[in-house]
> 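Submitted below is the structure of interest, expressed as structure tokens.
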Amino acid sequence: MGSLAAADGAGHASNGAGVADQALALENGTGNGHKAGVADRETPVLQANGGSKVAKKISPKDKYWVAADEGEMAAAIADGGEDGRRPLLYRTFKVKGILLHPYRLLSLIRLVAIVLFFVWRVRHPYADGMWLWWISMVGDLWFGVTWLLNQVAKLNPVKRVPNLALLEQQFDLPDGNSNLPCLDVFINTVDPINEPMIYTMNSIISILAADYPVDKHACYLSDDGGSIIHYDGLLETAKFAALWVPFCRKHSIEPRAPESYFSLNTRPYTGNAPQDFVNDRRHMCREYDEFKERLDALFTLIPKRSDVYNHAAAKEGAKATWMADGTQWPGTWIDPAENHKKGQHVGIVKVMLKHPSYEPELGLGASTNSPLDFSAVDVRLPMLVYISREKSPSCDHQKKAGAMNVQLRVSALLTNAPFIINFDGDHYVNNSKAFRAGICFMLDRREGDNTAFVQFPQRFDDVDPTDRYCNHNRVFFDATLLGLNGIQGPSYVGTGCMFRRVALYGVDPPRWRPDDVKIVDSSTKFGSSASFISSILPAADQERSIMSPPALEESVMADLAHVMTCAYEDGTEWGSDVGWVYNIATEDVVTGFRLHRNGWRSMYCRMEPDAFAGTAPINLTERLYQILRWSGGSLEMFFSRNCPLLAGRRLHPMQRIAYANMTAYPVSSVFLVFYLLFPVIWIFRGQFYIQKPFPTYVLYLVIVIALTELIGMVEIKWAGLTLLDWIRNEQFYIIGATAVYPTAVFHIVLKLFGLKGVSFKLTAKQVASSTSDKFAELYAVQWAPMLIPTMVVIAVNVCAIGASIGKAIVGGWSLMQMADAGLGLVFNAWILVLIYPFALGMIGRWSKRPYILFILFVIAFILIALVDIAIQAMRSGFVRFHFKSSGGATFPTSWGL
């Protein structure tokens with residue numbers, strides 16, 4: 001029961017599946033030598049409850065993990081559920097002692113080495129400049145403390161694996177219905193240009209097609225720009241989903257976002273109708289191409305349609321934007337007008353797909369008009385709702401957090417599911433069983449009732465194969481969050497997260513809630529909507545499995561309009577103790593922190609295939625803008641009332657330490673930049689020691705750095721990372737610390753003095769490029785002032801290497817001086833290796849041939865060495881310049897430098 005078992009996760013294919021696979025392979029031109037795609041990765045998973053599947057091999061990610069809940073599982077099997085308690089719906093695994101004990105021991109040894117290092121430095125306060133000695137002492141102290149804060153959070157990593165088979169056994173009924181709880185899914189978008197609409201619509205399609213009871217989940221799209229493009233796009237999406245969703249159910253398609261599915265070369269067939277698959281797939285591929293063409297055509301169709309209606313109306317003034325039914329669009333118009341422009345329009349709620357019936361509805365058989373046979377497939381679709389909240393120039397709309405709080409209130413009046421999942425517009429459901437996986441943690445009888453949210457890792461498509469700018473961030477998602485999972489749970493990272501609705505309402509968890517306390521204790525806390533307040537108690541019933549949206553009568557529409565108004569939150573606790581938190585760039589981290597501070601815990605769910613996937617900025621400048629927003633928001637959190645150091649006793653002490661590290665880390669850049677620019681002094685002054693005796697100082701540094709790398713190698717093993725993942729993490733930490741963290745520190749200094757601070761730019765979404773140049777954005781150079789500090793660091797260290805070569809040639813150094821210089825060269829070269837991805841980004845399309853960068857570095861070293869030799873020669877009088885008299889003036893005939 002405690003072993004790691006391999007599972008294909010897709011069930012057994014029907015007898016004719018091989019025929020479909022071969023036919024599809026021939027169609028794709030891949031034959032038997034096909035490449036592995038997302039759906040056909042046979043990656044084993046940690047399997048719970050001794051499932052029936054046979055272990056074929058052990059994944060590197062699972063090799064060093066062992067079950068830690070054997071006693072609980074044995075007790076659960078013994079009681080057989082007769083005591084009425086809910087089943088154990090996930091398994092708990094910990095790192096094997098063969099790795100965990102050395103990992104902890106190395107961490108302890110490094111801590112001892114750091115302490116001894118500081119003791120030695122205090123006893124030897126010798127340097128060529130004591131002011132630099134003091135700065136380096138403070139900096140080293142800061143680095144030591146932040147390393148310790150980061151490391152202690154990873155000393156007890158825990159992996160929890162949902163038992164999907166047991167969930168199905170316990171909650172799915174033989175007649176096709178289910179007792180699973182209801183679920184609301186939120187998607188947020190703003191601009192159909194900066195956030196390509198094809199990504200948003202793929203996200204919605206994948207949600208509608210998810211393997212979750214159709215009548216138990218609903219999808220809400222929040223369009224914060226009030227664009228008719230998104231509304232008409234949803235209409236087209238609903239039409240396409242009527243074909244795509246039954247197709248997915250019939251053939252067990254994975255992944256269920258069509259853009260991702262059709263981009264794969266091969267897919268193993270796991271459905272029940274292999275004889276129809278090839279023809280059905282060809283038809284759906286054509287339908288999807290036509291669907292994309294219709295989406296693209298909206299940008300020209302809507303203006304033309306509006307021109308026709310405006311011409312017929314023959315009214316003077318602003319030109320209205322018209323809907324297909326002949327009514328004016330209440331949101332933002334193409335030609336902005338009063339009450340119809342960005343930042344100023346009424347609230348909009350449109351139910352695009354009504355709530356389905358509770359009984360399965362089989363589709364039609366194949367016909368001349370439709371070759372798809374859905375006669376044995378349930379063709380129902382989940383409820384789909386379009387939302388655009390009211391906007392007014394006089395109100396602060398609080399960006400994404402404000403939009404999600406409106407979604408929270410609107411969904412409460414319509415479906416009021418006890419659980420919520422939120423997505424960014426460029427993320428989609430990559431594993432159709434992901435919703436079920438999250439529910440396993442919420443309904444488990446051990447910690448389920450006290451779990452506020454389940455965080456899934458972020459995974460990305462279309463990142464360059466070497467992940468140059470560390471977009472995957474696997475050290476954080478596959479190591480740090482597993483460490484937090486062993487404390488009070490992972491932090492909330494903004495997307496791909498399942499929430500308990502009442503936890504977002506500010507309700508205390510059961511472990512901290514007295515039996516006689518009222519969940520709804522103040523009407524002013526939640527606003528003035530009686531309908532919303534009355535929905536809070538039903539939302540606390542996590543086992544409520546019936547979703548009954550009210551008829552959209554005039555009174556209901558009035559309530560919906562009321563909770564979307566700009567003034568609704570005035571005088572309430574929305575944005576502080578209720579909903580997503582306001583007035584901070586990292587509303588996600590702060591919202592998760594508030595839940596932990598209130599005593600809730602969270603869970604981390606990593607599954608195969610990955611639950612969700614999305615797009616990431618592969619352009620250097622856009623990636624740095626993203627990190628700037630995160631780091632600036634982190635410092636805002638540290639210097640606010642949400643500072644982890646100020647939280648009460650409900651926050652676990654180790655969780656407090658982890659949050660302190662997550663919010664204060666940008667301060668490290670102040671000292672790191674100092675170290676990276678230190679070679680400037682050496683270039684101009686020759687030998688200059690920051691600490692004497694220098695050899696002992698270097699020895700301590702080598703020991704501390706070597707221990708860091710050893711700890712990293714062990715971490716790679718238990719976290720299932722690669723060496724490249726670790727290297728990229730270290731490289732982009734240095735790049736961020738030189739390029740954006742100083743700006744973040746400057747931002748918080750301005751804020752502390754009551755000034756405005758730095759404006760954070762929203763990250764532009766990656767735009768799909770042609771197949772011939774898939775990573776075009778990777779090679780584009782976008783200038784920004786924040787690039788300057790890192791460029792200066794590169795220049796300083798290149799000059800230091802070149803100058804040291806020049807000095808070694810003509811300096812007549814002793815053996816000890818050569819050794820000291822050699823140590824300095826190692827430091828300079830190490831810095832250049834860490835900033836290497838940044839340097840590649842700065843040479844644009846030349847970075848396709850990385851050897852060009854090495855050639856440029858070598859040329860720079862030679863030129864600087866020659867310049868240094870010339871300067872030294874002139875200073876020693878070896879080179880003299882001769883001047884002749886000219887006109888009536890007489891100049892020195894020679895002089896030396």
Side-chain angles (χ1 to χ4, degrees), residues 106-151 665 667-711 730 733-734 737-738 741-742 789 792-805 807-808 811 813-835:
L106 287 171
S107 299
L108 178 61
I109 293 173
R110 190 182 190 275
L111 177 61
V112 172
I114 291 175
V115 173
L116 293 176
F117 178 49
F118 278 110
V119 171
W120 176 81
R121 292 203 67 185
V122 170
R123 290 179 177 178
H124 298 79
Y126 311 121
D128 289 340
M130 288 304 296
W131 62 276
L132 284 177
W133 184 87
W134 277 108
I135 293 176
S136 68
M137 278 293 295
V138 176
D140 287 346
L141 177 63
W142 177 264
F143 292 142
V145 170
T146 54
W147 170 82
L148 183 61
L149 295 180
N150 180 66
Q151 197 61 28
Y665 69 92
V667 177
S668 300
S669 64
V670 175
F671 305 103
L672 193 58
V673 170
F674 158 75
Y675 274 115
L676 299 181
L677 295 179
F678 174 73
V680 171
I681 302 175
W682 185 84
I683 292 172
F684 290 103
R685 292 191 53 177
Q687 291 183 342
F688 189 92
Y689 296 108
I690 200 171
Q691 175 73 57
K692 294 180 179 179
F694 188 66
T696 308
Y697 175 69
V698 171
L699 178 61
Y700 272 112
L701 289 180
V702 169
I703 291 174
V704 170
I705 293 173
L707 286 170
T708 302
E709 301 308 319
L710 282 175
I711 292 169
E730 290 199 336
Y733 172 76
I734 297 297
T738 55
Y741 296 171
V792 171
V793 170
I794 293 175
V796 167
N797 284 274
V798 168
C799 289
I801 294 175
S804 65
I805 295 173
K807 288 178 172 60
W813 283 351
S814 65
L815 185 61
M816 182 59 71
Q817 289 174 319
M818 293 287 288
D820 291 347
L823 293 173
L825 281 176
V826 171
F827 173 79
N828 300 135
W830 180 49
I831 295 304
L832 292 179
V833 168
L834 292 176
I835 304 182

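Just the heavy atoms: all of them, side chains too, but no hydrogens, waters or symmetry mates, feed the values below. The first residue of the sequence shown is numbered 1, and numbering continues consecutively from there.
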> With Tyr675, which residues qualify under ring pair (Phe, Tyr, Trp, His ring centres under 6.0 Å), at least two apart?
none
> Val145: which residues meet the side chain to side chain contact (heavy atoms under 4.5 Å, CB included) condition with it, sequence neighbours left out?
Leu141, Leu149
> How long is the gap from CG on Leu672 to OH on Tyr741, to the nearest 0.5 Å?
10.0 Å
> Please report the shortest heavy-atom distance between Val793 and Leu677, naming the atom on each side.
CG2-CD2, 3.9 Å
> Verify side chain to side chain contact (heavy atoms under 4.5 Å, CB included) between Asp140 and Phe671, making sure each step is shown before the conclusion.
CA-CA 8 Å; Asp140 287 346; Phe671 305 103; over 6 Å; no
> Kindly give the heavy-atom pair with the smallest separation between Ala800 and Pro679, and that separation in Å.
CB-CB, 3.7 Å
> Holding to side chain to side chain contact (heavy atoms under 4.5 Å, CB included), I want the full list of residues that pass it with Pro789, two or more places apart in sequence or in another chain.
none
> Looking only at heavy atoms, which two atoms of Ser669 and Ala737 are closest? And how far apart?
CB-O, 3.1 Å
> When you look at CH2 of Trp120, are more than 12 heavy atoms from neighbouring residues, nucleotides or ligands closer to it than 6.0 Å?
yes
> Provide the closest heavy-atom pair for Arg121 versus Trp133 in the form atom of the first, atom of the second, distance.
O-CZ2, 3.1 Å
> Nearest heavy-atom pair of Leu676 and Phe827: which atoms, and what distance?
CD2-CZ, 4.4 Å
> Might you point out which heavy atoms bring Gln691 and Ala127 nearest each other, and give the distance in Å?
N-CB, 4.2 Å
> Should Phe678 and Ser136 count as side-chain neighbours, where that means a heavy-atom distance under 4.5 Å?
no
> With sequence neighbours excluded, what pairs up with Val122 under the side chain to side chain contact (heavy atoms under 4.5 Å, CB included) test?
Met137
> I want to check something: taking the side chain as every heavy atom from C-beta on, are Gln151 and Ile711 in contact at a cut-off of under 4.5 Å?
yes
> For Val798, enumerate each residue passing the side chain to side chain contact (heavy atoms under 4.5 Å, CB included) test, keeping only those at least two apart in sequence or located in another chain.
Ile794, Leu832, Phe857, Ala860, Phe861, Ile864
> Quick check for you: to the nearest 0.5 Å, what is the distance between Ile734 atom CD1 and Ile835 atom CD1?
7.0 Å
> Which atom pairs, one a donor and one an acceptor, fall under 3.5 Å between side chains of residues 692-705 and the rest of the protein, sequence neighbours left out?
from	atom 1	to	atom 2	distance (Å)
Lys692	NZ	Asp128	OD1	2.7

> I'd like to check Leu834 versus Tyr733 (side-chain heavy atoms, cut-off strictly below 4.5 Å). Are they in contact?
no
> Working to the nearest 0.5 angstrom, can you tell me the gap between Ile109 CD1 and Ile114 CD1?
12.5 Å
